Amino acid sequence: MKILVTGGAGFIGVNFVYYMLEKYADYDIVCLDALTYAGNLKSLDGAMDNPKFTFVKGSISDKDFVDKLFEKEKFDIVVNFAAESHVDRSIENPFIFLETNIMGTACLLEASKKYGVSRYHQVSTDEVYGDLPLDRPDLFFTEETPIHTSSPYSSSKASADLLCLAFNRTYGLPVTISRCSNNYGPYQFPEKLIPLMIVRAQENQSLPVYGEGLNVRDWLYVEDHCKAIDMIIHNGRVGEVYNVGGHNEKQNIEVVRTLLKALGKSESLITYVKDRAGHDLRYAIDPTKISTELGWLPETKFEDGMERTIRWYLDNKQWTDDIKSGEYAEYSRRVYGD
Ligand code: NAD
Ligand code: DAU
């Protein structure tokens, strides 16, 4: 079995590469990544010496390059993680999101069709459903919830999902889609809430909480997401969408306070800043379909996952220090003024 993992030098992709190499010692894993600001080859250090792992640098939007790679490698399964993934950056500049997330997906779908892969899996997001009100805790996203996007990021991901479903219906490409809630864990780029707060708190920098910090996200430990994708690519029904999430809703301010407590830092670091434009209020996944059909259940409790995550960032300070010396410094100055 040969699997193409795109975006495998990013947060979830890296975790998925390690998960698959460990679980399926006889699978060949090829990682295709453009190494944008979010991709980090160092994160793959632990895979580079594995004879079943190959890294290829390139863009999913480069149609000719993708075609040649598929012709050469004859993949059985494609799992597409590659994307521009940060909502705030999509608000600053939407165009690269359209290029990578829509056109890149189209290039992969076209090559998957041409070379007859047995499964194309699209890693999508719960953000395609828009948001839920804060005062209706009884409401959840199901696979039937209409697409209703808020940001250029979520719009680009929704477009990609629709392309995937079109390739399934029109050309019979064996496609599956997963729509997951917010992930946390090792190797997440420190522009996202949890690693951003860990890294800034360590430096005693202010912690920028958008609005009043009351927006709700449904947090899932990254390994549980990897397990869900593994189950879907092996046993999921072709043409289907599976929501992934573990009923673990938290207000942003609650998450930040938990982190500060665990790090032994003062809540005086919290600074309420201007809200994100179009800020989605609440995400909450109903995982009934994947649980009943495939037997998937989240296994990591939030307290344990947070402890492992914080420990990883404390033990791998060099990883974040290297990031901070690059493009991130400019981003930090622009967005947080420091
Ligand atoms: P990330 O930003 O950490 O990593 C993205 C990776 O894609 C990077 O390695 C980057 O170099 C690579 N990449 C970007 N453009 C590329 C291109 N043109 N060609 C090849 N590689 C390219 O993202 P992440 O948080 O790991 O998210 C991975 C996927 O999961 C995304 O599709 C995202 O939409 C989805 N997702 C993320 C979350 C989350 O909470 N992080 C939740 C649900 C779904
Ligand atoms: O739900 C899945 C999505 O989760 C993925 O599709 C996206 O790729 C991923 O980035 C994530 O999107 P969010 O916008 O929810 O994640 P982020 O970490 O950027 O923000 C989480 C919440 O924290 C959100 O309500 C905004 C808030 N926030 C974020 C940052 C970066 C702050 O209050 N302050 C901040 O500095």
Side-chain angles (χ1 to χ4, degrees), residues 5 7-23 29 31 33-50 53 55 57 81-83 85-86 88-89 123 180 182-208 217 219-227 229 250 252 255-265 269 299-333 335-336 338:
V5 178
F11 164 46
I12 309 175
V14 163
N15 281 283
F16 186 73
V17 165
Y18 287 128
Y19 176 86
M20 294 299 279
L21 286 173
E22 166 110 22
K23 180 159 179 195
I29 307 285
C31 166
D33 199 296
L35 297 181
T36 68
Y37 79 92
N40 190 341
L41 213 44
K42 285 209 183 82
S43 306
L44 286 167
D45 270 355
M48 288 300 185
D49 289 339
N50 188 322
F53 178 77
F55 179 81
K57 183 170 184 234
F81 290 95
S85 69
H86 193 38
D88 292 325
R89 288 187 191 247
V123 182
C180 190
N182 288 61
N183 284 212
Y184 68 100
Y187 300 108
Q188 188 168 29
F189 194 83
E191 64 188 349
K192 308 284 164 55
L193 183 74
I194 290 180
L196 179 84
M197 297 298 167
I198 297 174
V199 167
R200 290 181 69 89
Q202 275 176 274
E203 305 289 337
N204 295 311
Q205 289 176 307
S206 64
L207 306 187
R217 295 294 182 265
W219 294 98
L220 184 75
Y221 192 63
V222 63
E223 199 174 276
D224 282 323
H225 187 188
C226 295
K227 282 180 190 156
I229 295 171
K250 308 270 176 219
N252 293 337
V255 173
V256 174
R257 289 201 174 112
T258 304
L259 286 169
L260 283 172
K261 196 164 173 219
L263 290 164
K265 296 286 183 178
L269 290 176
E299 289 169 25
T300 310
K301 284 206 220 107
F302 189 62
E303 300 68 43
D304 298 340
M306 282 294 263
E307 200 184 310
R308 277 152 77 178
T309 303
I310 292 168
R311 172 66 28 226
W312 188 87
Y313 280 93
L314 297 181
D315 290 348
N316 291 276
K317 199 164 171 307
Q318 191 59 48
W319 186 86
T320 39
D321 283 350
D322 289 348
I323 286 173
K324 282 196 279 184
S325 65
E327 184 265 3
Y328 186 77
E330 206 275 310
Y331 177 77
S332 245
R333 258 193 303 280
V335 178
Y336 301 113
D338 50 35

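This one's a predicted model, so the numbers in the text were calculated from it and none came from an experiment.
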J.: I'd like to know whether the aromatic ring centres of F11 and F189 sit less than 6.0 Å apart in this structure.
T.: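 Aromatic pair excluded; centres sit 6.0 Å or further apart.
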J.: Is there a side chain to side chain contact (heavy atoms under 4.5 Å, CB included) between K317 and Q202 once you walk through the steps?
T.: CA-CA 10 Å; K317 199 164 171 307; Q202 275 176 274; 4.0 Å; yes
J.: Please indicate whether E330 has more than 12 foreign heavy atoms, meaning atoms of other residues, nucleotides or ligands, lying under 6.0 Å from its CD.
T.: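 Enclosed.
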J.: Side chains of E191 and D88: closer than 4.5 Å at any heavy-atom pair?
T.: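 Heavy-atom side-chain distance check fails, nothing below 4.5 Å.
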J.: In terms of side-chain geometry, is the basic nitrogen of K227 or E223 positioned less than 4.0 Å from the acidic oxygen of its partner?
T.: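 Between E223 and K227 there is a salt bridge, with a charged N closer than 4.0 Å to a carboxylate O.
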J.: Do side-chain atoms of N50 reach the backbone of G46 as a donor and acceptor pair under 3.5 angstrom?
T.: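 Here the side-chain-to-backbone pair does not exist.
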J.: Which heavy-atom pair separates I29 from M20 by the least distance, and what is that distance?
T.: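 Shortest heavy-atom separation between I29 and M20 comes out as CD1-CB, 3.9 Å.
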J.: Answer yes or no: are there more than 12 heavy-atom neighbours, outside D49 itself, under 6.0 Å from its atom CG?
T.: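 Result for CG/D49: open.
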J.: Do K261 and T258 touch side chain to side chain, with heavy atoms closer than 4.5 Å?
T.: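 They are not in contact (no side-chain heavy atoms under 4.5 Å apart), so the answer is no.
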J.: Decide whether a cation-pi geometry holds between R200 and Y336; the criteria are a distance under 6.0 Å from NZ or CZ to the six-membered ring centre and an angle within 45° of the ring axis.
T.: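 Yes, R200 and Y336 form such a contact.
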J.: Any idea which heavy atoms bring N183 and W219 closest together, and the distance?
T.: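 Looking at all heavy atoms of both residues, the closest pair is O-CZ3, 3.7 Å.
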J.: Do the side chains of C226 and N15 get nearer than 4.5 Å, heavy atoms only?
T.: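 In contact.
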J.: Just how far is it from atom OG1 of T300 to atom CD of E307, taken to the nearest 0.5 Å?
T.: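 If we round to the nearest 0.5 Å, T300:OG1 and E307:CD are 12.0 Å apart.
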J.: Working note: N252 + R217, criterion side chain to side chain contact (heavy atoms under 4.5 Å, CB included); need CA distance, chi angles, decisive distance, verdict.
T.: CA-CA 7 Å; N252 293 337; R217 295 294 182 265; 3.9 Å; yes
J.: Under a 4.5 Å cut-off applied to non-hydrogen side-chain atoms, are V17 and S43 in contact?
T.: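 No, side chains not in contact.
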J.: So do L44 and C31 actually touch side chain to side chain, heavy atoms under 4.5 Å?
T.: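 They are in side-chain contact.
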J.: Does the pair M306 and I194 meet the rule for a side chain to side chain contact (heavy atoms under 4.5 Å, CB included), with working shown?
T.: CA-CA 9 Å; M306 282 294 263; I194 290 180; 4.0 Å; yes
J.: Please tell me if the side chains of Y184 and V222 come closer than 4.5 Å, counting only heavy atoms from C-beta onward.
T.: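 They are not in contact (no side-chain heavy atoms under 4.5 Å apart), so the answer is no.
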J.: Nearest 0.5 Å, what's the CG-CG distance between L193 and L259?
T.: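 If I round to the nearest 0.5 Å, the distance is 7.5 Å.
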J.: To the nearest 0.5 Å, what is the distance between OG1 (T320) and CD (Q188)?
T.: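 Between T320 OG1 and Q188 CD, I get 13.0 Å after rounding to 0.5 Å.
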J.: With a 4.5 Å limit on heavy-atom distance, are the side chains of L220 and C180 in contact?
T.: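 When only atoms from C-beta onward are counted, C180 and L220 do touch, with a gap below 4.5 Å.
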J.: Work out which heavy atom in L263 is nearest to a heavy atom in I198; give both atom names and the distance.
T.: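 The answer is CD1-CA, 4.1 Å.
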J.: Evaluate the side-chain proximity of R308 to Y221: yes if any heavy-atom separation is below 4.5 Å, no if none is.
T.: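 SC-SC contact between Y221 and R308 confirmed.
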J.: Where the side chain of D224 meets the backbone of E299, is there a donor-acceptor pair that is under 3.5 Å apart?
T.: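 Between the backbone of E299 and the side chain of D224 there is a qualifying donor-acceptor contact (under 3.5 Å).
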J.: Does any donor atom in the side chain of S85 or K192 lie under 3.5 Å from an acceptor atom in the other side chain?
T.: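 Side-chain D/A pair, S85 to K192: present.
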J.: Hey, is the main chain of A82 close enough, under 3.5 Å, to the side chain of D33 for a donor-acceptor pair?
T.: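 Pair absent, no side-chain N/O of D33 close to backbone of A82.
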J.: So that I can tick it off, tell me whether K42 and D322 are bridged by a salt bridge, with the cut-off set at under 4.0 angstrom between side-chain N and carboxylate O.
T.: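 Looking at D322 and K42, the cut-off is met.
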J.: Could you tell me which non-hydrogen atom of F302 sits nearest to which non-hydrogen atom of K250, and how far apart they are?
T.: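 Distance-wise, the nearest heavy atoms are CD2-CE, 3.4 Å.
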J.: Find out whether the Lys NZ or Arg CZ of R89 is both under 6.0 angstrom from the six-membered ring centre of Y37 and within 45° of the ring's axis.
T.: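 Cation-pi check for R89 and Y37: passes.
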J.: Measure up the F16 and Y19 rings against each other and bin them: parallel (under 30°), tilted (30 to 60°), perpendicular (over 60°).
T.: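 Ring orientation of F16 relative to Y19: parallel.
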J.: Does E327, at its CD atom, have more than 12 non-hydrogen atoms belonging to other residues, nucleotides or ligands within less than 6.0 Å?
T.: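 Buried by this count: over 12 neighbours within 6.0 Å.
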J.: May I ask you to decide if P190's main-chain N or O and Y328's side chain share a donor-acceptor pair within less than 3.5 Å?
T.: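 Checking the backbone N and O of P190 against the side chain of Y328, a donor-acceptor pair under 3.5 Å is found.
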J.: Look at the aromatic rings of W319 and Y187 and report parallel, tilted or perpendicular, splitting at 30° and 60°.
T.: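 Plane angle over 60°, so perpendicular.
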J.: CZ/F55 to CG/L35 distance, rounded to the nearest 0.5 angstrom?
T.: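 Separation between the atoms: 4.0 Å.
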J.: Mind checking the CG-CD spacing from N316 to Q318? Nearest 0.5 Å is all I need.
T.: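 If we round to the nearest 0.5 Å, N316:CG and Q318:CD are 9.5 Å apart.
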J.: How long is the span from the OH atom in Y18 to the CD atom in E22, to the nearest 0.5 Å?
T.: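 Result: 11.5 Å between the selected atoms.
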J.: So for atom NZ, which belongs to K324, do other residues, nucleotides or ligands contribute more than 12 heavy atoms lying within a distance under 6.0 Å?
T.: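 Count over threshold, so yes.
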J.: So which atom in P208 and which in M197 form the shortest heavy-atom distance, rounded to 0.1 Å?
T.: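 So the minimum-distance heavy-atom pair works out to O-CE, 3.3 Å.
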